Amino acid sequence: MSTNMPSDLILNNLLYSCEYEKKRGNEQFVPEHTLGFMMAGESHLYTPDIRILAEGAMGLARRNQLVKSVKVPPPGGMFRSISIFLPQDLLRRYSAENNITASGPYTGDSLVSLPKDAFLEGYFNSLLPYFSQPAHFSKALADLKTKEAIELLLQHNYQLKELLFDFNEPHKIDLEAFMLQNYMFNVPVSRFARLTGRSVAGFKRDFEKIFKAPPGQWLTQKRLSEAYYLLKEKGRKPSEVYLDVGFENLSHFSFAFKKTYGVAPSLL
DNA sequence: CATAGAGATGACAGATCAGA
DNA sequence: TCTGATCTGTCATCTCTATG
């Protein structure tokens with residue numbers, strides 16, 4: 001059925017995604033503000049609270065956050081979405097040129113659902129031809145189109161400037177709370193460090209103080225104990241939980257589980 | 001789908017050093 | 001004294017394959 005046809009097409013800062021089957025997104029970190037449009041099917045986003053972007057929905061995701069996504073095709077059809085990343089340098093330039101700034105650190109929702117907007121929809125449709133003829137999408141055009149997206153977003157809702165033009169890097173936040181909420185995201189320690197506003201060295205030191213264990217070890221143990229709970233108390237299956245708790249492949253999950261608990265996960 | 005194992009590699013732990 | 005950057009050996013983790 002699924003001959004692995006190209007599912008993701010990347011042009012500069014544009015991403016066209018299509019899937020015939022329900023599929024997890026592979027990236028768990030949002031490096032830049034991202035504007036997305038669900039053309040067909042829906043996206044389930046875990047942050048870790050679940051948010052659903054239905055067919056036809058548009059959303060703006062703030063940069064510097066962890067999100068797991070599941071792409072769900074419509075019945076009998078194909079999942080299709082377009083995303084555009086809004087790079088910091090372009091946003092800074094736009095901010096300077098138009099003298100629009102955020103009034104302070106952004107405190108609103110990290111995933112903003114945008115109400116239906118004919119102009120934004122028209123904009124996304126204008127991007128479609130480039131995915132079939134990528135050669136036409138020059139760097140200059142990419143910049144123009146990105147600028148257009150920013151302009152349209154501000155027209156759509158001027159208050160989005162608070163999100164778009166917040167150029168602050170993450171400040172030093174409560175490490176314990178953050179880790180307990182985000183341990184199931186499988187990203188490098190350096191990523192956790194940045195997101196909590198620390199250097200890698202500082203992160204390790206603080207981490208050791210709080211959890212009495214190095215980050216890597218604590219993470220696997222935390223993930224395994226969560227998996228244990230899901231398997232034992234909730235009666236779920238290994239193949240269902242290993243991704244949820246932050247493992248990448250089933251093979252390694254089984255191995256690690258058995259090493260810690262002495263039993264294979266399927267025997268619980 | 002679940003497990004096991006082997007082999008490759010890349011991330012992490014932990015120490016050191018420099019600057020604030 | 002605290003913070004951040006850098007380095008290195010080791011081991012954990014991933015990939016791949018085989019098997020039930």
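These numbers were taken from a predicted model, which means no experiment stands behind them. A note on names: the letters A, B, ... follow the listed sequences, proteins ahead of strands, and every chain is numbered from 1.
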Hey, does A:Asp206 reach any base, or is it just sugar-phosphate, or nothing, if we go heavy atoms under 4.0 Å? nothing

According to a strict under-4.0 Å criterion, is A:Asn186 in side-chain N/O contact with OP1 or OP2 of C:dC14? yes

Minimum side-chain heavy-atom gap A:Lys222-A:Met179 below 4.5 Å: no

Residue whose nearest DNA chain B nucleotide is more 5′ - A:Val189 or A:Ser239: A:Ser239

So A:Ala201, base contact, sugar-phosphate only, or nothing? Heavy-atom distance under 4.0 Å. base

What nucleotide, of C:dA5, B:dA13, B:dA2, holds the atom closest to the side chain of A:Ser199? C:dA5

Starting at CD of A:Glu208 and ending at P of B:dG14, how long is that distance when rounded to a whole Å? 6 Å

Rounded to the nearest Å, what distance is computed from the NE2 atom of residue A:His252 to the C1' atom of nucleotide B:dT9? 13 Å

What nucleic acid atoms does A:Lys204 come within less than 4.0 Å of, heavy atoms only: base, sugar-phosphate, or nothing? base

Kindly indicate whether the side chain of A:Arg205 and the base of C:dG4 share any N or O donor-acceptor pair separated by less than 3.5 Å? yes

Candidate pair A:Tyr242 and A:Phe247, rule ring pair (Phe, Tyr, Trp, His ring centres under 6.0 Å), full reasoning: CA-CA 5 Å; A:Tyr242 79 99; A:Phe247 283 86; 8.1 Å; no

Which nucleotide, B:dA13, B:dC12, C:dA5, lies nearest any side-chain atom of A:Pro215? B:dA13

Rounded to the nearest angstrom, tell me the gap between atom CZ in A:Phe257 and atom P in B:dA4. 12 Å

Atom pair distance, as rounded to whole Å: CZ in A:Phe192 and P in B:dA11: 15 Å

Answer whether the closest heavy-atom distance between the side chains of A:Leu154 and A:Ile100 falls below 4.5 Å. yes

Rounded to whole angstroms, how far apart are CD on A:Glu248 and P on C:dC16? 13 Å

Which whole-number value in Å describes the distance from A:Phe203 CZ to B:dA11 C1'? 14 Å

Give a yes/no answer on whether the side chain of A:Lys258 brings an N or O atom under 4.0 Å of OP1 or OP2 in B:dA4. yes

Distance-only, no hydrogens or angles: does the A:Glu42 side chain make a donor-acceptor pair with backbone N or O of A:Glu55 under 3.5 Å? no

Between P of C:dC14 and CZ of A:Phe253, the distance in whole Å: 12 Å

Atom-pair distance (OH on A:Tyr242; P on C:dT13), nearest Å: 16 Å

Is it true that A:Asp166 and A:Lys161 make a salt bridge, defined as a side-chain N closer than 4.0 Å to a carboxylate O? no

Counting distance alone, no hydrogens or angles: does the base of B:dA2 have a donor or acceptor under 3.5 Å from a partner atom on the side chain of A:Ser251? no

